[in-house]
Amino acid sequence: MLINEQACGISQEILGEGAKTALVLKKGLKKAAVFVSGGGTNLQALIDKQGTVITSGKIALVISNKPDAFALERARRAGIESVYIPYDKAAPSGFETAAERLLAERNIDVIVLAGFMAILGADFVEKYDKRIINVHPSLIPSFCGKGFYGLRVHEAALSYGVKLTGATVHYVNAVADGGEIILQKAVEILEGDTPEILQKRVMEQAEWELLPRALETVFRTIGEPD
């Protein structure tokens, strides 16, 4: 069922006891929240690598700005708390205030932007310095920054005729795709590639590998639990 919290505009799915049990990993692990807007394939990559690549923390919360995002269903199936918070471009602070409160209540250590198609304000980002990471489908500093997202990135790579593209996981700061790089991996562009084909290859060969590794790196960087 759904519970509406009118004060902050949150619609939260309540999990059954069986699903909650899936969240009980090793006591004292760091916690990550994943912000998503769509299908959640990068979220699934993180879920699949829990306990293997990701060993110093766990995915404890998934937040979406889209009520119909399939990522929320992926979280539910994995026994992870999933929450929809409305996002208004004209007043983004409403989303940020609600998210910040929820992050504090759940003792979240790291935020992962995994296909999150909304802009977070500078004040919000600064509060989580070196605690927010993002995956971008190119080798930054190529094809990045304002206006480069989704298929647009791959269209630009093909248009320029580069022979290599890839993915980058980086810290998030107030500059779009401007934060410190954590990990990168190159992916070859092949004859006959379309933006859709290239997008799939970059996800499979780079994004889904890098993101779990980067999250584990950040978990370890922020130190051992108190």
Side-chain angles (χ1 to χ4, degrees), residues 32-59 62-66 68-80 82 110-118 132-145 147-172 176-177 179-220:
V34 182
F35 286 21
V36 293
S37 296
T41 54
N42 282 326
L43 168 64
Q44 191 64 54
L46 291 166
I47 292 170
D48 292 344
K49 295 299 175 66
Q50 288 194 123
T52 53
V53 175
I54 302 171
T55 59
S56 301
K58 64 181 180 180
I59 309 301
V62 172
I63 295 175
S64 181
N65 62 326
K66 301 291 186 181
D68 56 350
F70 187 67
L72 294 173
E73 174 64 14
R74 292 181 189 272
R76 186 192 66 79
R77 292 176 182 179
I80 300 172
S82 58
V110 181
I111 300 169
V112 181
L113 306 184
F116 183 63
M117 306 303 287
I132 307 178
I133 65 174
N134 178 59
V135 60
H136 182 76
S138 78
L139 295 174
I140 291 174
S142 297
F143 313 119
C144 65
F148 283 100
Y149 59 86
L151 281 176
R152 292 186 179 186
V153 178
H154 306 294
E155 289 169 351
L158 292 173
S159 176
Y160 270 80
V162 296
K163 304 307 179 186
L164 287 175
T165 185
T168 303
V169 181
H170 62 92
Y171 287 109
V172 173
D177 300 323
E180 178 185 341
I181 291 171
I182 303 170
L183 291 172
Q184 287 185 308
K185 183 179 179 182
V187 174
E188 186 178 3
I189 293 178
L190 303 178
E191 186 71 27
D193 273 350
T194 64
E196 292 79 8
I197 291 172
L198 185 56
Q199 180 184 53
K200 182 178 180 182
R201 185 182 309 117
V202 170
M203 285 193 297
E204 293 176 345
Q205 296 186 10
E207 293 180 47
W208 297 349
E209 175 188 334
L210 293 181
L211 195 55
R213 288 172 51 202
L215 178 56
E216 174 64 14
T217 296
V218 175
F219 276 146
R220 291 177 179 270

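The model shown is predicted, which means the values in this text are computed figures rather than measured ones.
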Do [X] and [Y] come within less than 4.5 Å of each other through their side chains, counting heavy atoms only?
X    : Y    : answer
V162 : F143 : yes
F35  : V112 : no
E207 : T41  : no
P137 : Q199 : no
L43  : I47  : yes
L210 : V135 : no
I133 : Y171 : yes
R201 : L190 : yes

Closest contact, heavy atoms only, [X] versus [Y]:
X    : Y    : result
T217 : I182 : CG2-CG2, 4.4 Å
A114 : V34  : CB-CG1, 3.8 Å
E155 : P195 : CG-CG, 3.5 Å
I189 : A157 : CD1-CB, 4.3 Å
E188 : L164 : CA-CD2, 3.7 Å
C144 : P141 : SG-O, 3.4 Å

From [atom1] ([X]) to [atom2] ([Y]), nearest 0.5 Å:
X    : Y    : atom1 : atom2 : answer
M203 : L198 : CE    : CG    : 10.0 Å
I80  : L46  : CD1   : CG    : 9.0 Å
E204 : E209 : CD    : CD    : 12.5 Å
Q44  : R77  : CD    : CZ    : 8.5 Å
S142 : F148 : OG    : CZ    : 9.5 Å
I140 : D177 : CD1   : CG    : 4.5 Å

Between the side chain of [X] and the main-chain N/O of [Y], is any donor-acceptor distance below 3.5 Å?
X   : Y   : value
R74 : G39 : yes
S64 : V36 : yes
Q50 : I59 : yes

Requested in this report: Test T52 against E216 for side chain to side chain contact (heavy atoms under 4.5 Å, CB included), laying out the working first.
Outcome: CA-CA 10 Å; T52 53; E216 174 64 14; over 6 Å; no
**Report entry** Salt-bridge present (E196, K200; N to O < 4.0 Å)
**Finding:**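 Salt bridge: no.
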Query raised in the report: Is a salt bridge present between E73 and R76, judged by a nitrogen-to-oxygen distance below 4.0 Å?
Result: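 Looking at R76 together with E73, the answer is yes, because their closest N to O distance falls below 4.0 Å.
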Query raised in the report: Step by step, would you call H136 with V153 a side chain to side chain contact (heavy atoms under 4.5 Å, CB included)?
Result: CA-CA 9 Å; H136 182 76; V153 178; 3.9 Å; yes
Report task. Decide if atom CZ of F70 counts as having more than 12 heavy atoms of other residues, nucleotides or ligands within a radius under 6.0 Å. Result ->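 Yes, CZ of F70 has more than 12 neighbouring heavy atoms, counting only those of other groups under 6.0 Å.
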Query - Any residue meeting side-chain hydrogen bond (donor to acceptor under 3.5 Å, both in side chains) with T165, in chain and number order, not counting sequence neighbours - result: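 None.
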